[in-house]
S.K.: 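Below: one structure in C-alpha cells.
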Amino acid sequence: MTRTWVPPAIPTMASLLLALLWVLSVFGGWGVEAFCPAADSPGTCADRIASVVVVSGAIALFAAVSTAAAWFTRRQGLLGVAVIAWVAAVGALFVGGVIAQ
C-alpha cells in the first residue's frame, strides 16, 4: 500500500491565505485604499506604494517559490519557510504603506 504525501493543513492554509491577502492588497487595490484615502496628493502616495510593492513583490516571489517547492518536493520544512516569507511580504507591504502615508 502506497501512502500519498499530503501537505500539512495549517501551514498550507496559512500560506494560501497570506498569499491571497498579498494579492488583494497589491492587485485588488486594497493597499492604495488603505494607505492613501486622505492623502494630499493621492497620485504621489500611490507612486510611493508602487515602489513598496516592488520590494514586497520580491519577497512574495520567494514565498511563492518556497510554497511550490514544499509541495512538489514534499519537504514540510519548506512550508514553514514559506509562511515566514509570506508574513514578511505582507509585513513589508504594511510597513511600507505606513511610511508612504
S.K.: Do Met13 and Trp71 belong together in a cluster built from hydrophobic side chains that touch within less than 4.5 Å?
M.R.: yes
S.K.: Kindly compute the distance separating CD1 (Ile84) from CG (Leu79), expressed to the nearest 0.5 Å.
M.R.: 11.0 Å
S.K.: Answer yes or no: is there a side-chain heavy-atom contact under 4.5 Å between Phe62 and Val81?
M.R.: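 Yes, side chains in contact.
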S.K.: Please report the shortest heavy-atom distance between Ala60 and Ala89, naming the atom on each side.
M.R.: N-CB, 3.8 Å
S.K.: In a table with atom names and distances, give each donor-acceptor pair under 3.5 Å that connects a side chain of residues 19-32 to protein atoms at least two apart or in another chain.
M.R.:
| from | atom 1 | to | atom 2 | distance (Å) |
| --- | --- | --- | --- | --- |
| Trp22 | NE1 | Ser56 | OG | 2.7 |
| Ser25 | OG | Leu21 | O | 2.8 |

S.K.: Measure the spacing between CG of Leu78 and OG1 of Thr73 and express it to the nearest 0.5 Å.
M.R.: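 Rounded to the nearest 0.5 Å, the CG-OG1 separation comes to 5.0 Å.
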S.K.: Write down the atom of Gly97, the atom of Val52, and the distance for their closest heavy-atom approach.
M.R.: N-CG1, 4.3 Å
S.K.: Give me the atom names and distance for the closest heavy-atom approach of Ala14 to Val83.
M.R.: CB-CG2, 4.1 Å
S.K.: Run through Val53, Val98, Ile59 and flag the one making a side chain to side chain contact (heavy atoms under 4.5 Å, CB included) with Leu93.
M.R.: Val53
S.K.: Assess the side chains of Trp86 and Ser66: does a donor N or O sit below 3.5 Å from an acceptor N or O?
M.R.: no
S.K.: Atom CD1 of Ile49 and atom CD1 of Ile99: how far apart are they, to the nearest 0.5 Å?
M.R.: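 If we round to the nearest 0.5 Å, Ile49:CD1 and Ile99:CD1 are 10.0 Å apart.
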